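Quick notes on the structure that follows.
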Amino acid sequence: MRRPALIASLVAVAASLLAPSPALSQPQPLMPGVTYDRQVQFTPAGPVVLHVLTAPRPGSLWSLRPVLSNEAITGTERLTEMEQRLSAVATTVGVNGDRFAVADGRPSGILMRGGTLDHPPIPTRSSIGIDSSGQLRVERVALRATWQGRGPRRPFAVLNDRLGRSGVALYTPAWGSTTPPAPGSVEVVLQPFPAAKPGGELVGPVTQVTSGGGTPIPPDGAVLVGLGTAAARLQAEAPAGQEVRVRLLLQPDWSAVGEALGGGPLLVRGRAVLDAGEAFPTRELATHQPRAAVGQTADGRVLLVAVDGRSLGYSSGLTTFDLALAMLRLGAVTAAALDGGGSTAMAFEGRLLNRPADPGGERPIADALLVSYEGIYAPLPAEAVLSPNGDGVAEAQSLAYKVVRPSTVTASLVGPDGVPRLTQSEQVGPGTYPLEWAGRREDGTPELEGRWTWRVSAVDDLGRASSDERSFDLNLSLGFPRPVRPALVVPRRRPRAVATFQLTRPSRVRMRIETPSGALVRALGEAQLSPGTVTVAWDGMATSGALVYSGQYVARVVAVNELGSVSLAVPFAVRRSGASPGARR
């Protein structure tokens, strides 16, 4: 067999090994245009859990952009904390970003926000950019930077990073409040000084010359720092009052790119890339690890993926090439890896979606890559099934909408008959606006059973229209869950009632015993039942045939009929004969 055919065959086999399980969940809408899907794949290395976000092509109300921890190059912040911090100006969902220096949080590669370059790229690794058309660009990019005072134009290589023993660095407000300590340095304050946008010439006067580091960085300025032989040259050619010119050029031309962060290696360019030849250790690429990636489909949709790993029996993680195959299977025509390992995280509105690998949970990181949405957003209703029947369970519904700009909002609650029950239209400022609904008519009787829809629409102060909707069921089929006391004493010869429920219409009923965390202990069967009392009886035996230990358990009943599905649970206690009431498994 010829070598190209052999490689193609191996790739096909690998892709088939990474094929998704047929029992995948359906993608869940998080906010308008954005869905989340948790997928489980089975590979020779064990199960792998992938968390997949799909978002519209960047533009209009949606953007894809990096977010810097604490708004400074140094320092770290958790992904969930970044999203919470941004909640007032956007609804966000995303993943961790670039690799970074653990000691102080400096990102390793490029960081560009709003067209301003905050940190330079690594030429031997891929940089990830989003251009003005919403196109994802994955390329190796280099910075060519120069400064000029009284003398000729001189190159420098450091932007918002630490200098070695000699050289020149430019520090902008993105670095932090002051330049780093640098004994023997010469520090030239430029104020005012334009934002560090690549491509043009940046000009500013020298207002102060200091030394030794710790120089305040003006919010509207920058500081040039020289060390070693470059210090004397900077002092001589950039005295107070001198105009200094700085050029920051990215090669290839990235003038259309406004947002960028470091990443790599390249995963997909039309096909899965086996070896991108980037400056990463082979072991880092070839082992099964938690990983994150960003990609784009042929029609412009954005894919953000987080892969859990380092958890035997739950998710083993992927190699970099496995990740490339997974991104290709998801439809990516362009894709690149982000930081992985314990930094791998995915979150929505400050809530984790994946399971980070670190024993301590979510790790603070340098930056993140977020999909930001600026239209109206309706959070999920508090109750998936509303049941205003007087039993104290799911008696009222909590609804809400969120806007991040001044907007004219119309909100309505529409019944199963298509008739709105509550409608309001008003001008509001940025914020979240809640609505509590009791699910009852004016005479106090329950409203119509069936599917209800919460619809919201808005036009913001920029004239941009947006809408969202959420649905829930009003279902009175099952109610009045009650435990049967005292505690169930085991072992026993025959089952004893542990809980009762009231069924109001003919339904297919399933009964099961669970742990308080929801793990199945024993399935008790399924039957078509008529209205009346449903009694859950149990003998204290698990599915395995073993006798359970003393502790707390849950009796769950699920009723399914033409109105949908209703699930109720009752906690109860089990005590093994001869064991004290406090004995536990």
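Note that the structure is predicted; figures quoted are calculated from it, not measured.
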Trp254: side chain to side chain donor-acceptor pair (under 3.5 Å) partners, not counting sequence neighbours: Glu139

Residue pair Lys402 / Ala90: nearest heavy atoms and the distance that separates them: NZ-O, 3.1 Å

Pro47 to Gly313 - nearest heavy-atom pair and separation: CG-O, 3.6 Å

Exercise: identify the closest heavy-atom pair between Pro66 and Leu261: CB-CB, 4.1 Å

Plane angle bin for Trp452 and Phe472 - parallel if under 30°, tilted between 30 and 60°, otherwise perpendicular: parallel

Arg85 atom CZ, over 12 foreign heavy atoms within 6.0 Å: yes

Can you give me every donor-acceptor pair (side chain of residues 374-385, partner residue at least two apart or in another chain, under 3.5 Å) with its distance?
{"from": "Glu374", "atom 1": "OE1", "to": "Arg464", "atom 2": "NH1", "distance (Å)": "3.2"}
{"from": "Glu374", "atom 1": "OE1", "to": "Arg464", "atom 2": "NH2", "distance (Å)": "2.9"}

Worked check of side chain to side chain contact (heavy atoms under 4.5 Å, CB included) between Arg99 and Phe280: CA-CA 11 Å; Arg99 293 162 178 81; Phe280 293 100; 3.4 Å; yes

Side chain to side chain contact (heavy atoms under 4.5 Å, CB included) assessment of Val536 paired with Leu524: CA-CA 8 Å; Val536 178; Leu524 300 178; 3.6 Å; yes

N/O donor-acceptor pair under 3.5 Å between Glu362 side chain and Leu79 backbone: yes

side-chain hydrogen bond (donor to acceptor under 3.5 Å, both in side chains) assessment of Asp104 paired with Thr74: CA-CA 6 Å; Asp104 61 6; Thr74 55; over 6 Å; no

Salt-bridge criterion met for Glu278 and Arg125 (N-O under 4.0 Å): no

Listed once per pair and sorted, the side-chain hydrogen bond (donor to acceptor under 3.5 Å, both in side chains) pairs that draw on residues 264-276, sequence neighbours left out: none

